[in-house]
Each structure stands twice: as C-alpha cells, then as structure tokens.
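The structure appears below as structure tokens.
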Amino acid sequence: MLLQGTLLLFLLLPFCSSTRDTITQNQSIKDGEYSLFSKEMKFELGFFSPGNTTNRYVGIWYAKLPEKTVVWVANRNNPINDTSGILTIDRYGNLLLYAHHNNEIPIWHTNVSVQLSKNSSAQLLDTGNFILIQEENNKNILWQSFDHLTDTFLPHMKLGLNRRTGLNWYLTSWKSLDDPESGEYSYRLDVNSSQFFLYRGSTRYWRNGDWPWKKVPFIVSFDMYTYSFWDNEDEICGTYFSDDANKITRVVVNDSGSLQHLEWNVADSQWKEVWSAPKYQCDPYGHCSANSKCSPDNVNKFECECLPGYEPKSPTVWYQRNGSDGCKSKAVGSSHCGNREGFLKMTNMNVPDTSGARLGENMSETECKNACLRDCSCVAFVSIEAKEGSSCLAWHEDLMDILEYTESGYNLSVRVTDDLAENPRTSKGVTRKRIMHAVIFSFAGLALLLGMIFAYWWLKKKRKLRYEHEETRTEPADLPFYHLSTIIAATDNFSPANKLGEGGFGSVHMGRLSNGQNIAVKRLSKSSGQGVVEFETEVMLMTKLQHRNLVKLLGCCIQGEEKMLIYEYMPNKSLDSFIFDQAKRSLLDWRKRFDIIIGIARGLLYLHQDSRLRIIHRDLKASNVLLDVEMNSKISDFGMARIFNGDKIQDKTNRVVGTFGYMSPEYALFGKFSTKSDVFSFGVLLLEIVSGMKNNGCCPENASMNLIEHMIQVWNLWREERALEIVDSCIKPSYIPDETLRCIQIGLLCVQERDKDRPTMSAVVLMLNCEIALPSPKEPAYVLRRNYKDTDLIGTQGSYSENEMNITEIVAR
Ligand SMILES: *[C@@H]1O[C@H](CO)[C@@H](O)[C@H](O)[C@H]1NC(C)=O
Ligand SMILES: *[C@@H]1O[C@H](CO)[C@@H](O)[C@H](O)[C@H]1NC(C)=O
Ligand SMILES: *[C@@H]1O[C@H](CO)[C@@H](O)[C@H](O)[C@H]1NC(C)=O
Ligand SMILES: *[C@@H]1O[C@H](CO)[C@@H](O)[C@H](O)[C@H]1NC(C)=O
Ligand SMILES: *[C@@H]1O[C@H](CO)[C@@H](O)[C@H](O)[C@H]1NC(C)=O
Ligand SMILES: *[C@@H]1O[C@H](CO)[C@@H](O)[C@H](O)[C@H]1NC(C)=O
Ligand SMILES: *[C@@H]1O[C@H](CO)[C@@H](O)[C@H](O)[C@H]1NC(C)=O
Ligand SMILES: *[C@@H]1O[C@H](CO)[C@@H](O)[C@H](O)[C@H]1NC(C)=O
Ligand SMILES: *[C@@H]1O[C@H](CO)[C@@H](O)[C@H](O)[C@H]1NC(C)=O
Ligand SMILES: *[C@@H]1O[C@H](CO)[C@@H](O)[C@H](O)[C@H]1NC(C)=O
C-alpha cells in the first residue's frame, strides 16, 4: 500500500500544480507538509531524518531515486528534535530555519545583507543548487548551497578558494549515517601547492597527486568525465561533470574517511563505486615518510625503500617494517655539491608532494637538470613534457609521498653522489670515438673495425631484446673489447700453467696484459656450444653492475667461436681455497671472516635491491666468492643469474642449475627461485664460514649431503644452546662469542624451510650491523626430509610432488 502510494505520488507530482521549486518572502516550508522540487524533478528539498535518528534536518536529495541519498544538509550541526521546523525567508530577505515548539528558536539562517525593500526568493535548481536571489536585482545570487558544501561534491560544484570573499569550498564527512554533523574527515585544496588533500582532523592522510603542477587552467576528459582546474585573481578551484548529462553521479567523503566517486546504476538500481581513495597500501599520505618510495607490489618485501643515496633514519624501526621515520641522506656536509655528483633517474614514479617544489616553466629536461645541479639545495627534479613547452619541478627539501607505479608515471631524477650517478657518456659516443681511433691508427683496422661493429651490434641487439623493459637506469656500459691476440699473448696461449680453474662452461686462466695488469680470463669452451646463454647473461649483467663486493668485468673478447670474459684478477682466489684448506684456514681469523660475511651480504643486497635490477644469483657458494689482496670478498660467476622484473617475486624454471646443498628446497625440488633462494645459499655459506666445515671432496652427492647433515647438526646444537661448538677451532682464539652466536642465528634464519620465513638481504645486512633483537629460527630446510634418499633430494622425476614436478633437466656443478 505504502509503495503504491509513493508511486502514485511520483506519477502525480510532475503534473501537480502544487509542486514548486521556489519559495518567496513570507512563504515557508513546514516539516511534514511539502517539499520543493527542482524543475525537472531531479532534486528535492525538505525535512528528513537520516538513518535511525528522529532528529529533523533540512536537506537536498535526489528526487527520483528509491534510495534516499542526501547531498546537502542545511542545519547539519544543529538538528531539530521534533517536527516543528519551518523554513522561510525572513523579512530581511534571509533564509531562516526555526523550530516552533518553544517560541521561535532560530536553528539556521543565511547571513546576507539584503536591501530591505527588495523582494527575495529561493529556488532549487536541477543541478542540486539551492539559491537565494533578489528579483529586482537582475536575479543576483545572494547565497547558494554550492558555496557551503557538506560531504558531497556534485558536478559543477567548485572545490578550492574564492580569493575575493575568502570563502573556502571543501568537503567534510558526516559523523555517521545517523548523524550529518561535521565529522573528522575533510577534503580540501592546499592553495600553495595546488594539491588536494584528505585530512583526518588536521592531519593530511591522502594526497590527490593528479591535478597539481599542471599548467592552469586545464581541462582534461577522462573516462566520460571532464575535470577542470583554474587559478585566477577571483578564485582557485577545480570542478567536474559527466559528459553524459543524464548520468547521476557524486563524489563523497564518507564517514569512514574514504573519498568515493559513485554513479547511479539504473539497471541494478543502486550506487556503484567508480573509484575510491585511499585504497591501496601505498595510498596513505607519506606512508613511507621522507625520502623513501613506496612500491605497492612488493608482496614479500617491505614496501618502503630509501631513495638511492639515502638510508633509514632509524634502522630498528625500519626493520620492523615501519616506514614512519623515513630516510635521510647518506652524504654529509658539502659532499653533495660541486663534487661531480649527478642524477639517478627513477622511472614510473608519481610526482612527489609539490608543497616544497619550485616550478620552472618552459624548461627542457637538460635545462631543468642543469639548473638543479647548479643549485646545491636542489635534491631532485621532474621534467614534465607538454606541447606548450616542458616544465621543471625542482625540490629543495625532503621528498614526501613518493610512489612507484608498475607502468606509466614520471621520471624522478634524484641527486646522488658521483659513484651512484648515471654515466653521462653514451656508449654510442664512446663507440664512435673508438671507431675513429681504429681508423686513424690501425692499418689493419678495417677487419677489426668490422668485427667490433658486429660484436657491438650483436651484444646490443641481444641486450635490447632480452632486457629492454627491465633496465632503464644505465645505458649499455662502455665495455672494452679485447683482441684475441692480446688475450693469447697475456695468457701465454692459455698455457696450463696459468689455468686457475675449470667452470661449468669453460676454463679460467690468469693473464698479464702488456701494461702489467693482471687479469682473469673466463673462456667459454668452443666445442660444447653450451653456455652461450650464460655467457650473454654474464656480459649483460656485468656491464650494468658495479659494487665493491662484486667482481669487476674489464672487458670481453668475441672472435669467431671464441667468447671470453676478462675480469680483474683476484690474487687470493676463492673463499673455499681458504676455509677448507688445512694450511690456509688459520689465515682467516674471526674479524676477517666476519668482514667477508658482511661483504657477501652487501654484494647480494646490491643484486637484490640496490642495483635497481632485481637479480637472483642462483649459484652462491664458497668457490664463487673471490678474495682480493686485502681479503675483501667479491661475488663472481653470474652465468646462472636471472633478472627479475621489478614487481615479480618468484619465477620458475625447468632447468635447475646450481650446487646441491646450497640450493633451497623450493628451488632444488620445484625449480622455484626468488631472492629468498639466494638468502638460503647465503645462510649455508655463512654457516660454512663460521664452522670451517670441511667439504668431504670425494663426490658431489656426498658433499651436498654433508652440507645438509651439517645444517642439521648446527640446528641440533643450537637447540641445545651449544651452537658455539661448531665454530672452527682455528678462529677460537680470535672470536667474540656473542657476535659469532649472532652470526649462527642469522645463518639459521636464512636456511629456514619456508622462503617466507627467511629474512631479506636488507634485513640480513641490518642484523649483521646493528644490535637489534633477532627472531628465533625455525627448523632448517631438509630436516624433515632427512630420511629421504639422495635421489629424492635432487629431484628425480616424479619422486616428490604430484603437482609441480616438471623439472626436466638438472645440471650439477
Ligand atoms: C511579508 O509580510 C510582511 C508583514 O507580514 C509585509 O510587510 C511584507 O510586505 C510581506 N512581503 C511580501 C513580499 O509579501
Ligand atoms: C538502524 O537500526 C536497525 C535496527 O536496529 C539496524 O539494523 C540498522 O543498521 C540501523 N541503521 C543505521 C544507519 O544505523
Ligand atoms: C527539544 O529542544 C528544545 C530546546 O532545545 C527543548 O526545550 C525541548 O525540551 C526538546 N524536546 C525534546 C522532546 O527533547
Ligand atoms: C551565519 O553567521 C553565523 C555567525 O557568523 C555562522 O555561525 C553561520 O554558520 C552563518 N550561516 C551560514 C548559513 O553561513
Ligand atoms: C515579490 O515577488 C513575487 C514573485 O516574484 C511577487 O508575487 C510579489 O508580488 C513580489 N512582492 C513585492 C513586494 O515586490
Ligand atoms: C601558504 O603560503 C603562505 C605564504 O608563503 C604561508 O603564509 C602559508 O602558511 C602557506 N600555507 C600553507 C597551508 O602551507
Ligand atoms: C566508505 O568508502 C569505502 C571505500 O569504498 C568503503 O570501503 C567503506 O565501507 C565506506 N564507508 C561507509 C560507512 O560507507
Ligand atoms: C612506527 O614507528 C613510530 C615511531 O617511530 C611509532 O610512533 C608508530 O606507532 C609505529 N607505527 C606502527 C604501525 O607500529
Ligand atoms: C620557450 O622557450 C623557447 C626558447 O627557450 C622560446 O622560443 C619559446 O617562445 C618559449 N615558449 C614559451 C611559451 O614561453
Ligand atoms: C623517462 O625517461 C626515459 C628514458 O630517458 C624516456 O624514454 C621516457 O620518455 C621518460 N618518461 C617521461 C614520462 O618523461
């Protein structure tokens, strides 16, 4: 019955002479009697009670929607407790709402000063605007509800500031569905930076980084909506409307603090959310605080990461995955200025909070960069391309609210010290120079030249094809090519006496160049044809990586079937030649071993994170850690390494390569690898360095079993609090029990069964460097499987998992 009545009312109303959109002086609207309807019946104005309350309010809602959706409330902070309310225009021409229950108590009124003799009226428009006008004064608008927003931003409303009257247009949430009183959330424009912020109380907690900095006025159309923003002497504000005039749409700050854009869905007869914010982990303003970026797709990783050249302000808080303290610059004093520093370009970034930024118009990227470089206080810039001329945003204080997208976005160039900066030379230029050289100085240069061009082209093409989307920071480096004859001379024609070792895909020889420099030459075996992929990977990676704990590639030699990599020579060879050697193990005291551990951890961290490429080494072991003259550790052998896309967490291979015993179970058994499989290998290596456990050396399978047995032994002693018994007797005189025990604990954390339980390398580096509390390790991998046979452990077809067993090839190294 009620429904029918309502329907009847709706059908009748448009034709009913009594519907009106205007009240004039001395007319009034009484609660319970009737409402105002806009001309086309889009909106209704009258008395209502929201939710379960009995309080009465004057408001505006959509006239035709079955769900009462209020878009504006007059007396939101001053409800009427009964139905005696009356809305009228008083004799001064102001709108007045009063309650009649106890004399005439004014509840709400407008404050315009009207010429008394003039006739004023108020009209509800089809936009949802309620206006007070003066008939005799060209229908001048004296007051309008669009100037006094509540929680809803309707099309054609303005958000911003009226510079002439000082009136602020902003949204404030309701307290609850029952109570339209001003809540704690608001959405407003920061005039200084032209950015919109959501506030909770006076704290900013979400920034709309989409409109700021853009040259005003601007109009953009996107997804059937048009948004515009302008800034002139009258006002600075934004507005929006739907390109489809019939669409019913609104933006609202809801009472739980979300900014929601909603559309009425006619088919479903309900509101549908177009978007809302803040929504994602990285959305809250300054989630990672100063100078660090938030990458939402790091599922396992802590989403915050310091900008290059910055470090956590409070490492302990940071390690607990709390970014609230942010990062500070590593450089102190003047070293950031006039010291050959440069910029590191970070792609797919948002534009950080522009509150502290300066805008330079019509400046090219180079001009922007140079201007920033000249100014010692400039910490970063973004160059924004536009048809009318690029503009330049430069920051001079802490960078806030930085977000990394998976695609699109801007290039944020961060000022960094010399060693981190992009190499400004392009390899093209260098190549051209080298070519000139060849032409001028070498008579037989033509063949060489062609060879070089071909080799360069070949390398570049491969690199481009395979890694195009993955590396944006470094251009292909300036990698020298060596002539085969040079290498033959240097290695005494690869004489066996100069042989350093035999790798999976060839041999390594020591050599000495005519200038006296010692080199290590890794020569791909000609015949096998195997290892070409590994060779290419290694070239690709090594030209891009530079770190004091990675072995340095000096150049390569590609001629005919010969493919060689030329490395710096490490006189102390590899770590295994020390820790597993009866005579030499005592040369490494505890301090040196600890430094070696830290060096490996740093090198690995660089691979996983700091190099901007995410690289999984996949074959970390004692024989792949080289030692320089000062016993600094350097990771080598990148033939197995894999580059990950920034957002990828784990990958899978059908070709399990690596060394048993150092392999994490998920990799050895299922071919799944991630940074956490490197962490596992690191843990094994760490335990080896501490214990000096001697590799049996007889046959590979036994060796791997030894490693696992060893791990189990460490675990059992650890549980009995006797872990120090595993420490190599050679280092007993020099070791610090607490520090050593800590290392063992870190090692055990790294070899835990579940990859999720293992710490990241950044956590490992922190744990090694600071006295922070360590979690208790769980059982190491393989402990539960100790009863399985060797063959199970190395993953023979079908012996392990029903679902994931598709390892087709296993290469033992
Ligand atoms: C409103 O009422 C007052 C007195 O009741 C009268 O003086 C005035 O002229 C009226 N105004 C209009 C526009 O009718
Ligand atoms: C109103 O009260 C009913 C019954 O108590 C409850 O289910 C409903 O959620 C309430 N609505 C609001 C908006 O509080
Ligand atoms: C309503 O409010 C008025 C004044 O604020 C008060 O005098 C009156 O008692 C209230 N009535 C009810 C039913 O609460
Ligand atoms: C009118 O002015 C009073 C006092 O300045 C203020 O509290 C009130 O909000 C104003 N009313 C409107 C509708 O602006
Ligand atoms: C005020 O305007 C209304 C409608 O526009 C009109 O009917 C009325 O006569 C006017 N009153 C005066 C005093 O001008
Ligand atoms: C905006 O800039 C003015 C002048 O520089 C300053 O007084 C005011 O505090 C700034 N406002 C905000 C919100 O930063
Ligand atoms: C506010 O909007 C958010 C985002 O859509 C939603 O999750 C939340 O439930 C809304 N809160 C209320 C009270 O409607
Ligand atoms: C993060 O650390 C700060 C202190 O640095 C602390 O105030 C805040 O409560 C922490 N946040 C969380 C979620 O633990
Ligand atoms: C931008 O700068 C170039 C040269 O620096 C000048 O020719 C051009 O007119 C400028 N454009 C604007 C819009 O100022
Ligand atoms: C970012 O830099 C890259 C390489 O320099 C360039 O190709 C790209 O267009 C730039 N992107 C933007 C949005 O400027």
Side-chain angles (χ1 to χ4, degrees), residues 50-52 67 69-70 151-153 171 173-180 183-185 187 198 200 203 205-206 213-214 250-263 270-281 283-284 286-290 292 302-304 312-328 342-351 363-366 368-369 380-387 389-393 404-414 422-424 426 428 464 468-476 612 772:
N52 288 337
E67 185 180 317
T69 309
V70 175
D151 67 336
T152 305
F153 185 38
L171 305 174
S173 67
W174 286 22
K175 269 221 160 113
S176 70
L177 287 176
D178 284 339
D179 186 359
E184 57 179 334
Y185 303 101
Y187 184 59
L198 254 180
R200 176 182 196 148
T203 311
Y205 82 100
W206 180 70
W213 54 258
K214 280 183 181 142
R250 66 195 169 110
V251 173
V252 61
V253 179
N254 76 13
D255 52 35
S256 43
S258 285
L259 187 70
Q260 285 179 294
H261 184 179
L262 301 151
E263 267 178 18
Q270 62 178 23
W271 289 102
K272 195 187 95 207
E273 186 175 286
V274 183
W275 55 259
S276 72
K279 193 168 188 176
Y280 302 105
Q281 190 180 29
D283 281 355
H287 179 69
C288 294
S289 196
S292 77
F302 180 30
E303 65 276 9
C304 301
K313 229 176 241 169
S314 350
T316 322
V317 176
W318 194 263
Y319 171 60
Q320 288 157 5
R321 293 183 166 230
N322 177 344
S324 69
D325 285 355
C327 302
K328 61 177 204 285
F343 292 95
L344 198 60
K345 193 186 253 185
M346 305 171 68
T347 56
N348 301 345
M349 308 301 288
N350 71 345
V351 175
M363 284 170 85
S364 71
E365 184 172 355
T366 316
C368 186
K369 181 176 176 172
F381 71 87
V382 169
S383 173
I384 295 159
E385 278 176 48
K387 267 184 244 141
S390 300
S391 44
C392 172
L393 270 171
E404 186 171 36
Y405 303 124
T406 42
E407 51 189 35
S408 77
Y410 300 90
N411 292 328
L412 175 66
S413 297
V414 181
E422 278 173 72
N423 190 342
T426 68
K428 228 185 219 159
K464 211 175 153 172
E468 207 159 34
H469 53 291
E470 287 160 341
E471 173 61 310
T472 41
R473 175 168 74 105
T474 330
E475 302 293 330
R612 298 256 314 143
I772 48 175

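First listed ligand is number 1; within each ligand, the first listed atom is number 1.
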To the nearest 0.5 Å, tell me how far [X] [atom1] sits from [Y] [atom2].
X	Y	atom1	atom2	result
N254	D151	CG	CG	8.5 Å
I384	N411	CD1	CG	10.5 Å
L262	S276	CG	OG	9.0 Å

Numbered atoms of ligand 10 (with element) below 4.0 Å of [X], judged on heavy atoms:
X	value
N411	1 (C), 2 (O), 3 (C), 8 (C), 10 (C), 11 (N), 12 (C), 14 (O)
G409	13 (C)
K345	2 (O), 4 (C), 5 (O)

Inset, instruction - Please identify which atoms of ligand 8 are closer than 4.0 Å to at least one heavy atom of S324. - result: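 Ligand 8 atoms under the 4.0 Å threshold to S324: 1 (C), 2 (O), 3 (C), 5 (O).
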Inset, instruction - Would you mind running through ligand 8 and noting each atom that sits below 4.0 Å from a heavy atom of D325? - result: 5 (O)
For the residue pair [X] and [Y], establish whether any side-chain heavy-atom pair is separated by less than 4.5 Å.
X	Y	result
Y187	V251	no
V253	L259	yes
V382	M349	no

One line per pair, note the atom names and distance for all nitrogen or oxygen contacts under 3.5 Å between ligand 7 and the protein.
residue  : atom   : partner : partner atom : Å
ligand 7 : 2 (O)  : N254    : ND2          : 2.3
ligand 7 : 2 (O)  : Q260    : NE2          : 3.3
ligand 7 : 5 (O)  : Q260    : NE2          : 3.1
ligand 7 : 5 (O)  : E273    : OE1          : 2.4
ligand 7 : 11 (N) : N254    : ND2          : 2.9
ligand 7 : 11 (N) : S256    : OG           : 2.7

Legend entry - Heavy atoms from other residues, nucleotides or ligands near CD of E184 exceed 12 (cutoff 6.0 Å):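 Count over threshold, so yes.
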Inset, instruction - Could you establish whether S408 and ligand 10 come within less than 4.0 Å of each other, counting only heavy atoms on the residue side? - result: no
Inset, instruction - Over 60° means perpendicular and under 30° means parallel, so classify the ring planes of W275 and W206, tilted if in between. - result: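 Answer is tilted, since the angle falls between 30° and 60°.
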Inset, instruction - Report the C-alpha distance between S176 and D178 in whole Å, list the side-chain angles of each, state the deciding distance to 0.1 Å, and finish with yes or no for side-chain hydrogen bond (donor to acceptor under 3.5 Å, both in side chains). - result: CA-CA 5 Å; S176 70; D178 284 339; 4.9 Å; no
